Amino acid sequence: MSETPHRYTAELAQQIELAWQDRWQEEGTFHAPNPAGPWAEPEKVAGREKLLVLDMFPYPSGAGLHVGHPLGYIATDVFARYHRMTGKNVLHCLGYDAFGLPAEQYAVQTGQHPRKTTEDNMVVMKRQLRRLGLGHDDRRTIATIDPGYYKWTQWIFTQIYDAWYDPEAVRPDGGTGRARPITELVEQFESGDRPTPGGQRWSELSPAERSEVLDDFRLAYTSQAPVNWAPGLGTVLSNEEVTNDGRSERGNFPVFKTNLRQWMMRITSYADRLADDLDRVDWPDKVKAMQRNWIGRSQGARVAFPVVGRDASIEVFTTRPDTLFGATFMVLAPEHPLVDEIVPQGEWAADTNPAWTGGEATPEAAVAAYRLAASRKSEVERQTEGKDKTGVFTGAFATNPVNGQQIPVFMADYVLMGYGTGAIMAVPGQDHRDWEFAEQFGLPIIRTVQPSEGHPDDEPFTGEGPAVNSANDEVSLDGLGVAEAKAAIIEWLAAKGSGQPTVSYKLRDWLFSRQRYWGEPFPIVFDEDGVSHAVPDWMLPVELPDVPDYSPKTFEPEDASSQPEPPLGRVEDWVNVELDLGDGRGVRKYRRETNTMPNWAGSCWYYLRYLDPANDEAFVDPANEAYWMGPRATPVATAPAGATDPGGVDLYIGGVEHAVLHLLYARFWHKVLYDLGHVTSDEPFRKYFSQGYIQAAAYRDDRGQPVESSEVVEATDPDSGEVRYTWNGQSVAREYGKIGKSLKNVVSPDEMFEQYGADTLRVYEMSMGPLELSKPWETRAVVGAQRFLQRLWRNVIDEETGEVRVVDAPLDDATARALHRTIDAVSKDFPTLGFNTAIARLIELNNALTKLDAVPREAAEKLVVMVAPLAPHIAEELWQRLGHDESITFGTFPVADPALLVEDTVTCVVQIKGKVRDRLEVPADITEDALREQVLALPKVVAATEAGIRTVIVRAPKLVNVVPA
RNA sequence: GCGCAAGUGGCGGAAUUGGCAGACGCGCCAGCCUUAGGAGCUGGUGCCUUCGGGUGUGCGGGUUCAAGUCCCGCCUUGCGCACCA
């Protein structure tokens, strides 16, 4: 290139960037001091505000990074770097979520050990991340697969295992319900303060019996329950990992319900707190809504309907007890255990509606046939059938407790066993599903809420209105609104012993075991009675053994009858051990748990380990946790009045795909740790921000196959002006999609480093638009960011000589004002993640300096400081060349001078009838009257108001609107 | 179906409280420089125009001196939930 010798080119950028990355590493620039623990540097902590910045734990993928990945990392880095310049003690680092399915699958494909492939991937990713110039404290980089890390994952598991939820216990924050050590429960059983479920004395129970009792309380417990089994994947999955159409989120394999003994986490005990505490954190409303939705809390009542002619009653859950007078039939889920008990023997009653019988001769046969049909339906079929209600009469009747009416009991698969009680009272007048069912089966419909005016007669009314047709001898709801009617009827039901208020949740307990190799082993052994024992702390970690065959046993994806087989079960000499657990029983024979933990385990607490990764004595030193995570004096702005601050990470950025899974699981673990006194914060992530995605153009040929995007040629048709895309001579169609191998549209950051440098990539990504938006990548637009940095360079460095060309002259007034306006704008944008607008302001200032004959040092230096969070390498280099020895990392961010923000004169806009017709330069402090006078004297205004003036609106000094008569 | 977002130039996107629509960047156009330009610099760039101006923030209505912004109705796109009683 015949360029000027000292131009800021990609080559120079690269030199500068690598040099500064080396220096940062040598000097430990980003090492954040801790108040306590092995790395205690209290003297460096004192007197500084702290800031904990976090990215979502990345999985080290074999494909390396593409340009979409670093978006969030750059954003947190800019935020962290900005705050370092305001004097805060900032902790920002990144580790690796390195256990998991892809590594295992890749290892199986390549025949290498997953540890090897995972570690190789981590090396690649570390190099790429370092090249971006992220200001991470590299001492704190951890990986979930390190035994030193998963030792503490296992330790936390044992804490959860050895805990139970006491709904009566009072928390430090005044609420009731918290986890307590299981030993305190055992003491209650031993003392007799709490009766055992079977009524026997604790001392009379065998160890196995005791263990069974405790399993009903432990927060981590085994249970024989229907679980999601994916034969094609060879493992069971949590509800959250199964898609709506009954397939695995990973791999898209069919999932079947199978009864298996599995480890569960009692997350349902925390349902209320997980829902309520969303009010106290600063998260996107959308994500809060998704979590609330998943928890699915609904207030309602349980009501018992006695079965006619039997000593049994059907208990239902309803959110609309106020509509009880309109309950004209009942429906049980096909799996409901009471069905067998209530179905009458023999023939149908003579007057039975033939449409109710399913064409069977007896109720028993009808029920059996329907059950069989229902059990054969897959989730998909149940869903695609949509609103076509199916069902069958059970032959039984139940009594509506409010009016004594005998109503038929049906069985139908639109009622789910997994929610509420698995039985409903059907109120067709006020419920769409019940209405459809009633229509289908010719059942009576009674309105008990007066529909609003104009409501169609042939539709249920689910809105608000006064109750009607809702009275018996003792209670009348008529005329009451929905809320009052609910309260009134619940009170009456409670007095009668027929019902009580209750709360129901969609949230189920968390299935926690997986039949995989590449995960944390459970710190659990079973003795010869089959009783589970936590492996004591001093024996942790339970290391994952090396095995010859780590591939999971998978099956035909459709083979629902198959059973999972954990790979660790094949390692006999690891499974069968003789141990002294230190419980006074001496050395005994045990069998190890052969399941492994799900991928979520390691990511449930990694942010806590960042705080104190070298600590061998504790998962985190309490003082470090309190310092970095502890509650703040003032709650978040959106918190309800009187709420206390939960503490937690100051800023967490990551993709919305983890809105339910990871964020919910981590909150649960954190709350258990809080209850057990291990942490002072009761939420892990005080502020969470979900970033958008970067998408990229992808192109498909005639057959719909993606073609390599980088080989597509764009041309504008000279006749029509249309833009056409061709690949190897054939025309292809453009679309936008996720960056990845499948769409053949990967752009690697490595290419960007080479063509432009890391600073340019950083500035480009941050300038693309608001962080929360998804936006398309456009490689040819990257040059805009490069031009900005080149002009910045040229404002400071002479491209011919390489000498600093700033002058030690005072700022002229216009430059001073431009500078301080920029400082003002940028220091508002950085803390609110408004990086795109901050960059726009910086470009404006830079362009203004370009037009000066000579750039004053003060302006150049302040501009360089403001650019530093975004483009740290060039900023460091310019800062040094401007004569500063210290890294710019802790340079002081400039503060705007308020005096320079107010203008002496302003352009006043003169509108006539709301349209801009003229402008006027006026003093900023002009009075309304003076301004009105000046405006009315303008020739254009005079001309327009010959017919008189109706009104004049004056908003001094910026606007006057004249309305002619 | 229900719920929640969002619709602004050729493109990504800016616009305190309602007060100059289109900051900044890409692209495009012109000029300069250059042997050359997929480099750089300078200027221009919503649309229409008879060069006076007109018109313009998904569509239709409304409130207002004044609406991208507030209200009502619709359309489109994206996301979430989907028999949750």
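Small disclaimer: the values here were computed from a predicted structure and weren't measured. Residue numbers begin at 1 in each chain, while the letters A, B, ... track the order of the sequences.
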Dot-bracket summary - RNA chain B, pairs being Watson-Crick or G-U whose distances fall under 3.5 Å, with | when paired to another strand: (((((((..(((......[....)))((((((.......))))))(((....)))..(((((..]....))))))))))))....
Please measure how far the [atom1] atom in [N] lies from the corresponding atom in [M], and state the result in whole Å.
{"N": "U55(B)", "M": "G61(B)", "atom1": "P", "value": "16 Å"}
{"N": "C20(B)", "M": "A15(B)", "atom1": "C1'", "value": "11 Å"}
{"N": "A36(B)", "M": "G46(B)", "atom1": "C1'", "value": "35 Å"}
{"N": "G10(B)", "M": "G56(B)", "atom1": "P", "value": "16 Å"}
{"N": "G7(B)", "M": "G58(B)", "atom1": "C1'", "value": "6 Å"}

Passing candidate, side chain to side chain contact (heavy atoms under 4.5 Å, CB included) with Leu324(A), options Thr448(A), Thr318(A), Ile489(A), Val427(A):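 So the option named by the test is Ile489(A).
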Under 4.0 angstrom, heavy atoms only, what part of the nucleic acid is [X] near: base, sugar-phosphate, or nothing?
{"X": "Lys288(A)", "result": "nothing"}
{"X": "Arg508(A)", "result": "nothing"}
{"X": "Ala840(A)", "result": "base"}
{"X": "Thr421(A)", "result": "nothing"}
{"X": "Lys286(A)", "result": "sugar-phosphate"}

Counting only side-chain heavy atoms from C-beta out, which of [options] sits nearest to [X]?
{"X": "Lys915(A)", "options": "U42(B), U55(B), A85(B)", "value": "U55(B)"}
{"X": "Arg780(A)", "options": "C20(B), C79(B), G27(B)", "value": "G27(B)"}
{"X": "Val783(A)", "options": "A82(B), C26(B), C83(B)", "value": "C26(B)"}

Sorted by number, the residues of residues 787-794 of chain A with heavy-atom contact under 4.0 Å to RNA chain B: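 RNA chain B contact set from residues 787-794 of chain A: Arg787(A), Arg791(A), Arg794(A).
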Contact summary for Val763(A) and Ala785(A), nearest pair of heavy atoms: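 In terms of heavy atoms, the two residues are closest at CG1-CB, 3.8 Å.
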Conformer about C1'-N of G60(B) - syn within 90° of 0, anti elsewhere: anti
Syn/anti label of G44(B) as read from its glycosidic torsion, with the cut at 90° from 0: anti
What's touching nucleotides 12-16 of chain B from the protein side, N or O pairs under 3.5 Å?
residue : atom : partner   : partner atom : Å
G12(B)  : O2'  : Met768(A) : O            : 2.8
A14(B)  : OP1  : Asn836(A) : ND2          : 3.4

Phe437(A) side chain reached by Val415(A) side chain, heavy atoms, under 4.5 Å: no
Pairing of Arg821(A) and Asp824(A) as salt bridge, 4.0 angstrom limit: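 A salt bridge is absent here (no side-chain N lies under 4.0 Å from a carboxylate O).
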Extract all donor-acceptor atom pairs below 3.5 Å that involve side chains of residues 949-965 of chain A and protein atoms in other chains or at least two apart in sequence.
residue   : atom : partner   : partner atom : Å
Asn961(A) : OD1  : Lys913(A) : N            : 3.4
Asn961(A) : OD1  : Gly914(A) : N            : 3.0

Could you list, one pair per line, each protein nitrogen or oxygen that sits under 3.5 Å from a nitrogen or oxygen of nucleotides 64-70 of chain B, together with the distance?
residue : atom : partner   : partner atom : Å
C65(B)  : O2'  : Asn961(A) : ND2          : 3.3
C65(B)  : O2   : Asn961(A) : ND2          : 2.4

Within the sub-3.5 Å range, which N or O atoms of nucleotides 44-52 of chain B have a protein N or O partner, and how far apart are they?
none

Close aromatic pair by centroid cut-off 6.0 Å: Phe461(A) and Trp435(A):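 Not under 6.0 Å, so no.
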Centroid-centroid distance, Phe329(A) to Phe441(A), less than 6.0 Å: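 When the ring centroids of Phe329(A) and Phe441(A) are compared, they turn out to be at least 6.0 Å apart.
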Worked verdict on His6(A) versus Leu12(A) for side-chain contact (heavy atoms from CB on, under 4.5 Å): CA-CA 8 Å; His6(A) 297 279; Leu12(A) 181 58; 5.9 Å; no
Ile295(A) CD1 to G80(B) C1', straight-line distance once rounded to whole Å: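 One finds 15 Å between C1' of G80(B) and CD1 of Ile295(A), rounded.
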Phosphate OP1/OP2 of G25(B): any Asn847(A) side-chain N/O under 4.0 Å: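 Checking Asn847(A) against G25(B): at least one side-chain N or O falls below 4.0 Å of OP1 or OP2.
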